[in-house]
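Okay, structure first, notes after.
Ligands are counted one by one from 1 in listed order, and the atoms in each one are counted from 1 as well.
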Amino acid sequence: MAVTFKKYHGLGNDYLVYDCIKNTYELTPKRARMICDRHFGVGSDGILVGPYFEEDGIHVKIYNPDGSMAEESGNGIRIFARYLKDNDYVQKKHFVLHTDRGSVEVTYLNENGSRLRASMGKLNFFSDEIPVTGPRREVINEEMEFGGNTYKTTCVSIGIPHCVIPMDEISREKVCSIGKFSEDAPCFPNRMNTLIMKPIDEYNIAIEIHERGAGYTLASGSGSCAAAGVAYRLGLASNKMTVHMPGGELQVEIEEDGEVLMTGDVGYVGTTTLGYEFLAKLRVLE
Ligand SMILES: N[C@H](CCC[C@H](N)C(=O)O)C(=O)O
């Protein structure tokens, strides 16, 4: 029984696509974790499992590399939409893709589907929606302590939780030094994606990312939308901007009604088929 994955990346945020129609092997959280391992497995920032055809359309499930499930992934949505087009599951220019968080309208912007726009829904700053513990409020510029240091933090959900910390200088080291404390902080009951954000000008911001269930990544689609929404809310940028990340750039637009549009590229890497020796190791994991 061959177990095959297609590898893509969204600006260096790489995912394995596991086609549940072409493969019958059961993926579990422990198996997903081992497959995503950068040294002993295939290596990936997550696994996208689908297409699941349901009454309301096509659904996709998202595994993080720690084996947890993600309700949403901006890069994951663009990657899976490209996979669907590459494999003739979708022929139209627009379609709706469903995740555990809800539905996302996807538009292919070029012939081969390597550039896509996704309508990611609306941002929610309310503590009970993100979630963040404490009285119901919008979590804007609150002083939060991570690792013994205090940061002005704005928290927002775009289907998955993000905390955004504006800074003059950002780096991988800095976001990881915060993320290792904030990801599992008691004030974040559903854990947390951590972003540090440097406003560049009215139309440009830069971010560094520490993802929930994944750690440091080179890009984040939902993170770009969250950081852009916070920059706009705090008056640090306009409603249309370029989000610069180590892996590349995404265009984000916050429409009048609060809908967030994300536009960016997806790259195809290739196919991986698991070897029998590795499969034997996976088999003992439930
Ligand atoms: N690890 C994230 C999901 C993936 C987010 C990111 N890769 C994106 O492109 O949105 C979480 O569990 O919240």
Side-chain angles (χ1 to χ4, degrees), residues 7-17 29 32-33 35-36 38 43-50 60-83 97-102 104 106 116-124 129-132 155-164 175-176 179-180 182-185 188-197 207-230 243-252 260-267:
K7 183 157 191 177
Y8 292 78
H9 71 88
L11 312 174
N13 185 207
D14 58 334
Y15 279 87
L16 297 169
V17 175
R33 187 186 179 112
I35 291 164
C36 289
R38 294 276 180 204
S44 177
D45 282 342
I47 302 178
L48 306 167
V49 186
V60 62
K61 297 274 182 203
I62 305 162
Y63 275 107
N64 282 318
D66 71 351
S68 63
M69 300 298 290
E71 304 87 340
E72 184 75 278
S73 169
N75 283 326
I77 282 162
R78 292 200 330 281
I79 286 168
F80 197 71
R82 181 171 179 189
Y83 174 78
L97 182 57
H98 300 269
T99 65
D100 284 351
R101 171 260 176 148
V104 176
V106 177
L116 308 94
R117 182 174 59 238
S119 186
M120 294 292 288
K122 294 181 174 55
L123 295 160
N124 195 316
E129 298 291 334
I130 295 169
V132 180
C155 297
V156 64
S157 175
I158 184 147
I160 52 179
H162 289 81
C163 69
V164 182
V175 76
C176 291
K180 68 183 179 184
S182 54
E183 180 179 1
D184 299 297
F188 301 139
N190 197 14
R191 303 199 297 166
M192 185 54 79
N193 291 285
T194 304
L195 307 167
I196 55 178
M197 183 253 287
I207 61 174
E208 288 275 6
I209 304 138
H210 183 280
E211 277 193 34
R212 179 181 67 168
Y216 184 76
T217 60
L218 297 179
S220 171
S222 59
S224 296
C225 296
V230 168
V243 182
H244 301 264
M245 296 164 279
E249 301 171 357
L250 281 173
Q251 308 305 320
V252 178
V260 183
L261 304 180
M262 170 192 65
T263 302
D265 297 337
V266 165

For ligand 1, list every N/O pair with the protein closer than 3.5 Å, one pair per line with the distance.
{"residue": "ligand 1", "atom": "1 (N)", "partner": "N64", "partner atom": "OD1", "Å": "2.7"}
{"residue": "ligand 1", "atom": "1 (N)", "partner": "E211", "partner atom": "OE1", "Å": "2.7"}
{"residue": "ligand 1", "atom": "1 (N)", "partner": "R212", "partner atom": "O", "Å": "2.8"}
{"residue": "ligand 1", "atom": "7 (N)", "partner": "N13", "partner atom": "OD1", "Å": "2.8"}
{"residue": "ligand 1", "atom": "7 (N)", "partner": "Y15", "partner atom": "OH", "Å": "3.0"}
{"residue": "ligand 1", "atom": "7 (N)", "partner": "E211", "partner atom": "OE1", "Å": "3.3"}
{"residue": "ligand 1", "atom": "7 (N)", "partner": "E211", "partner atom": "OE2", "Å": "2.8"}
{"residue": "ligand 1", "atom": "9 (O)", "partner": "N13", "partner atom": "OD1", "Å": "3.4"}
{"residue": "ligand 1", "atom": "9 (O)", "partner": "S73", "partner atom": "OG", "Å": "3.4"}
{"residue": "ligand 1", "atom": "9 (O)", "partner": "G74", "partner atom": "N", "Å": "3.4"}
{"residue": "ligand 1", "atom": "9 (O)", "partner": "N75", "partner atom": "N", "Å": "2.9"}
{"residue": "ligand 1", "atom": "9 (O)", "partner": "N75", "partner atom": "ND2", "Å": "3.4"}
{"residue": "ligand 1", "atom": "9 (O)", "partner": "G221", "partner atom": "N", "Å": "2.8"}
{"residue": "ligand 1", "atom": "10 (O)", "partner": "G74", "partner atom": "N", "Å": "2.8"}
{"residue": "ligand 1", "atom": "10 (O)", "partner": "S222", "partner atom": "N", "Å": "2.9"}
{"residue": "ligand 1", "atom": "10 (O)", "partner": "S222", "partner atom": "OG", "Å": "2.6"}
{"residue": "ligand 1", "atom": "12 (O)", "partner": "N64", "partner atom": "ND2", "Å": "2.8"}
{"residue": "ligand 1", "atom": "12 (O)", "partner": "R212", "partner atom": "O", "Å": "3.4"}
{"residue": "ligand 1", "atom": "12 (O)", "partner": "R212", "partner atom": "NE", "Å": "3.0"}
{"residue": "ligand 1", "atom": "12 (O)", "partner": "R212", "partner atom": "NH2", "Å": "3.4"}
{"residue": "ligand 1", "atom": "13 (O)", "partner": "N193", "partner atom": "ND2", "Å": "2.8"}
{"residue": "ligand 1", "atom": "13 (O)", "partner": "R212", "partner atom": "NE", "Å": "3.0"}
{"residue": "ligand 1", "atom": "13 (O)", "partner": "R212", "partner atom": "NH2", "Å": "3.1"}

### Query
Could you give the distance from CE (M245) to CG (N75), rounded to the nearest 0.5 Å?
7.0 Å

### Task
For the residue pair M69 and Y63, establish whether any side-chain heavy-atom pair is separated by less than 4.5 Å.
yes

### Crowding at NZ, K61 (>12 non-hydrogen neighbours, <6.0 Å)
no

#### Entry: Beyond-backbone contact of R191 with P161, side-chain heavy atoms, under 4.5 angstrom
no

#### Entry: Minimum side-chain heavy-atom gap V156-E129 below 4.5 Å
no

### Task
Flag the pair M192 / R212 as yes when at least one side-chain heavy-atom distance between them is below 4.5 Å, and no otherwise.
no

